[in-house]
Asker: 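Sharing a structure here in structure tokens format.
Quick note: numbers below take in every heavy atom, side chains included, and nothing from hydrogens, waters or symmetry partners. Below, chain A is the first sequence line, B the second, and so on; all start at residue 1.
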Number of protein chains: 2
Amino acid sequence: MFSGLSAFALTPLNETGIDEAAFVRLIERLAAAGVDSIGVLGSTGNYAYLTQAERLRVAQLAVRHAAGVPVIVGIGALRTRDVLALAQDAQTVGASGVLLAPMSYQKLSAEEVFGLYGAVTQSLTVPLCVYDNPGTTHFEFSDELHGRIAQLPNVASIKIPGVPGDLETVRQRVERLRALIPAQVTIGISGDAFAATGLHAGCEAWYSVMGGLFPELAVAITRAARQGQVDEVARLCAPLAPLWTLFLQYGSLRVMATAAELAGLVPHPCLPLPLRSLQGEARQQLGAILGSTGLPV
Amino acid sequence: MFSGLSAFALTPLNETGIDEAAFVRLIERLAAAGVDSIGVLGSTGNYAYLTQAERLRVAQLAVRHAAGVPVIVGIGALRTRDVLALAQDAQTVGASGVLLAPMSYQKLSAEEVFGLYGAVTQSLTVPLCVYDNPGTTHFEFSDELHGRIAQLPNVASIKIPGVPGDLETVRQRVERLRALIPAQVTIGISGDAFAATGLHAGCEAWYSVMGGLFPELAVAITRAARQGQVDEVARLCAPLAPLWTLFLQYGSLRVMATAAELAGLVPHPCLPLPLRSLQGEARQQLGAILGSTGLPV
């Protein structure tokens with residue numbers, strides 16, 4: 001489950017609630033495209049903005065409509081108490097795995113984060129992926145801490161942030177981490193712009209935002225990369241470069257939410273206020289990029 | 001209400017709930033010490049870690065036990081929807097004012113933050129203090145944005161983060177902001193280490209963490225500062241310098257929570273996991289500092 005393409009779905013919503021029909025359509029598209037796993041309630045799925053009851057419902061819908069594809073459910077929250085409850089909920093509705101980022105309001109210490117993973121992994125019956133995303137959690141894992149957490153029971157993967165640099169640089173970074181973790185724990189790359197290099201450098205999984213909306217292309221890139229088809233991967237990725245520029249400028253969530261709106265897959269707006277999808281010129285620019293790449297708009 | 005000493009109370013709690021008796025004792029101490037206002041559910045009050053129902057209860061207890069001292073209630077949340085509900089709750093239980101920080105998970109744009117304050121201020125019947133705390137919200141206000149928000153109805157104060165530097169530097173910073181906001185909007189300093197200089201530099205309020213536990217001393221510093229007694233303020237503040245060093249190292253919340261534990265005012269632990277109060281050497285060091293300053297331990 002924690003290898004190949006893991007596609008992270010949006011959770012379309014507005015101020016009155018979640019658009020369940022639109023969410024189910026997104027999940028069904030992912031299952032039909034043959035992704036290796038479906039991630040729900042990741043950052044792309046707005047987990048941090050939803051109540052426990054809403055998150056339970058989203059997890060339930062995902063499992064129900066995934067047509068047997070394993071579903072990984074995000075269980076992050078500011079409080080250990082809430083993470084434990086969310087883990088229980090995810091397991092109850094049939095999640096195949098869980099994803100946990102050390103969300104923070106007060107800056108967390110390494111010992112506090114280790115304590116969080118210790119408490120949660122002890123309570124689990126499904127495998128866990130450690131979600132390392134300093135851009136949203138404002139917590140920087142050291143490799144030493146990753147090594148300690150990876151020894152905990154039920155830890156099965158680490159979702160690392162995008163690693164800039166050439167193949168050799170990225171390979172060295174992945175190998176440094178690999179040397180500190182048990183052999184059965186996979187390393188997955190996130191930050192879509194860095195996915196191709198990450199996969200070439202030995203990451204077993206791509207935890208993908210764009211894959212949540214354009215699963216066929218993401219599946220093709222992942223399979224080609226895992227077969228070592230460097231040229232084919234480059235060919236598939238080339239038209240996406242302008243998209244990565246927008247990701248950098250506006251955040252991948254806003255860009256993918258807007259793309260889903262433009263494609264008519266979700267209503268507009270589909271993000272929780274105060275977040276807004278792209279407007280005006282940026283929105284037009286995205287439409288033009290999607291048009292020129294042949295992706296649906 | 002948004003001038004003088006605003007003392008921010010801890011919300012003592014553990015994994016099973018809030019210690020209401022201990023919280024009420026903290027509130028009663030503040031009222032008895034003659035603080036100008038009591039802040040609850042600020043960062044020091046762990047607002048970000050509590051449910052809406054828990055926050056309603058804390059606000060209610062604070063108003064009930066404040067003996068007529070105005071109570072300012074923190075209403076921050078990641079979602080506008082939740083902030084609006086919390087504002088309503090705070091007003092219902094009799095808060096005199098509210099405090100709003102632009103909490104973030106996804107990095108917020110200036111327009112998104114302006115939209116948040118626009119929606120909330122429109123819904124209010126009590127005044128609002130803009131809570132600028134980039135260390136926890138990861139949002140950096142520009143002065144231009146402060147100026148725009150301060151024009152919104154019901155905005156009455158801005159709680160700025162500590163400004164390092166000498167008196168003249170801080171005065172210039174305060175005056176730059178003052179030039180952009182309406183005359184009736186006060187500026188309050190936070191970051192206890194910077195409070196004395198901030199007050200000397202013309203801030204009307206001190207939004208104080210240490211004042212939540214040591215209100216007599218904080219009241220004395222505030223009054224002396226507002227009367228221009230620079231030497232007296234320096235004398236009162238001098239023994240606190242080692243405390244500010246610990247604040248910097250561990251965060252003011254952990255230090256004050258530990259101090260409250262050491263003083264027997266709250267049970268141990270009193271923070272929501274994964275947060276932990278100071279242990280071992282750091283805890284002993286804090287005890288020694290508090291002993292040498294004559295503050296209760």
Side-chain angles (χ1 to χ4, degrees), chain A residues 13-17 43-44 46-52 54 76-85 101-120 133-139 249-254 257 271-280 282, chain B residues 13-17 43-44 46-52 54 76-85 101-120 133-139 249-254 257 271-280 282:
Chain A
L13 50 82
N14 62 31
E15 298 312 287
T16 60
S43 297
T44 303
N46 283 321
Y47 76 93
Y49 299 86
L50 300 174
T51 64
Q52 190 185 341
E54 287 169 329
L78 291 171
R79 261 188 98 157
T80 302
R81 172 189 72 175
D82 299 336
V83 176
L84 291 170
M103 268 184 80
S104 71
Y105 179 77
Q106 298 286 344
K107 190 177 166 58
L108 295 173
S109 72
E111 282 315 304
E112 287 170 339
V113 169
F114 184 74
L116 168 67
Y117 283 95
V120 175
N133 186 355
T136 55
T137 66
H138 307 285
F139 179 77
Q249 204 169 350
Y250 301 105
S252 60
L253 171 64
R254 285 186 194 80
L271 290 176
L273 288 174
L275 302 181
R276 298 174 195 269
S277 54
L278 305 186
Q279 306 301 324
Chain B
L13 50 80
N14 62 32
E15 298 313 286
T16 61
S43 297
T44 304
N46 282 324
Y47 76 94
Y49 299 87
L50 300 175
T51 65
Q52 190 184 341
E54 288 169 328
L78 290 172
R79 261 190 100 156
T80 302
R81 171 188 76 175
D82 299 336
V83 176
L84 291 170
M103 269 183 79
S104 71
Y105 178 76
Q106 297 287 343
K107 188 174 166 60
L108 295 173
S109 72
E111 282 315 304
E112 288 171 339
V113 169
F114 184 74
L116 169 68
Y117 283 95
V120 175
N133 187 356
T136 55
T137 66
H138 306 286
F139 179 76
Q249 203 169 352
Y250 301 105
S252 58
L253 172 64
R254 286 187 193 80
L271 290 176
L273 288 174
L275 303 181
R276 298 174 195 268
S277 55
L278 306 186
Q279 306 302 327

Asker: Using heavy-atom distances under 4.5 Å, tell me whether Thr51(A) contacts chain B through its side chain, its backbone, both, or neither.
Answerer: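 Contact with chain B involves both backbone and side-chain atoms of Thr51(A).
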
Asker: Could you look at Leu13(B) and say if it's the side chain, the backbone, both or neither that has a heavy atom under 4.5 Å from chain A?
Answerer: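 Only the side chain of Leu13(B) comes within 4.5 Å of chain A.
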
Asker: Quick check on Leu108(A) against chain B: is it the side chain, the backbone, both or neither that has a heavy atom closer than 4.5 Å?
Answerer: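 Contact with chain B involves both backbone and side-chain atoms of Leu108(A).
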
Asker: Would you compute the distance between atom OG of Ser252(A) and atom CD of Gln106(B) and round it to the nearest 0.5 angstrom?
Answerer: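 Here the interatomic distance stands at 6.5 Å.
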
Asker: Taking the side chain as C-beta and beyond, is there a heavy-atom pair between Leu84(B) and Glu15(A) under 4.5 Å?
Answerer: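 A side-chain contact is absent here, since even the closest heavy-atom pair is not under 4.5 Å.
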
Asker: Report the residues that fulfil side-chain contact (heavy atoms from CB on, under 4.5 Å) with Arg276(B), sequence neighbours left out, ordered by chain and then residue number.
Answerer: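 side-chain contact (heavy atoms from CB on, under 4.5 Å) check on Arg276(B) returns Glu112(A), Leu273(B).
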
Asker: With a 4.5 angstrom heavy-atom cut-off, which part of Tyr117(B) approaches chain A: side chain, backbone, both or neither?
Answerer: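 When you check distances to chain A, no heavy atom of Tyr117(B) falls under 4.5 Å.
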
Asker: Holding to side-chain contact (heavy atoms from CB on, under 4.5 Å), I want the full list of residues that pass it with Ala110(B), two or more places apart in sequence or in another chain.
Answerer: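 With neighbours one apart ignored, the set is Leu145(B).
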
Asker: Looking at CD of Glu111(A) and CD of Gln279(B), how far apart are the two atoms once the value is rounded to the nearest 0.5 Å?
Answerer: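 Going from the CD atom of Glu111(A) to the CD atom of Gln279(B) covers 11.0 Å.
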
Asker: What is the minimum heavy-atom distance between Arg79(B) and Leu50(A), and which atoms define it?
Answerer: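 So the two residues come closest at NH1-CD2, 3.8 Å.
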
Asker: How far apart are the closest heavy atoms of Arg254(A) and Ser109(B), and which atoms are they?
Answerer: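 The answer is NH2-N, 4.3 Å.
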
Asker: For Leu253(B), which atoms come within 4.5 Å of any heavy atom of chain A: side chain, backbone, both, or neither?
Answerer: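 Leu253(B) touches chain A through side-chain heavy atoms alone.
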
Asker: Can you classify the ring geometry of His138(A) versus His138(B) as parallel (below 30°), tilted (30 to 60°) or perpendicular (above 60°)?
Answerer: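 Plane angle under 30°, so parallel.
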
Asker: CG of Leu78(A) to OH of Tyr49(B): how many Å apart, nearest 0.5 Å?
Answerer: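 If I round to the nearest 0.5 Å, the distance is 5.5 Å.
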
Asker: What's the spacing between Tyr105(A) OH and Asn133(B) CG if we round to 0.5 Å?
Answerer: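 Atom-to-atom, Tyr105(A):OH and Asn133(B):CG are 5.5 Å apart.
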
Asker: Do Arg81(A) and Glu54(B) sit within salt-bridge range, that is, some charged N less than 4.0 Å from a carboxylate O?
Answerer: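 So Arg81(A) pairs with Glu54(B) through a salt bridge.
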
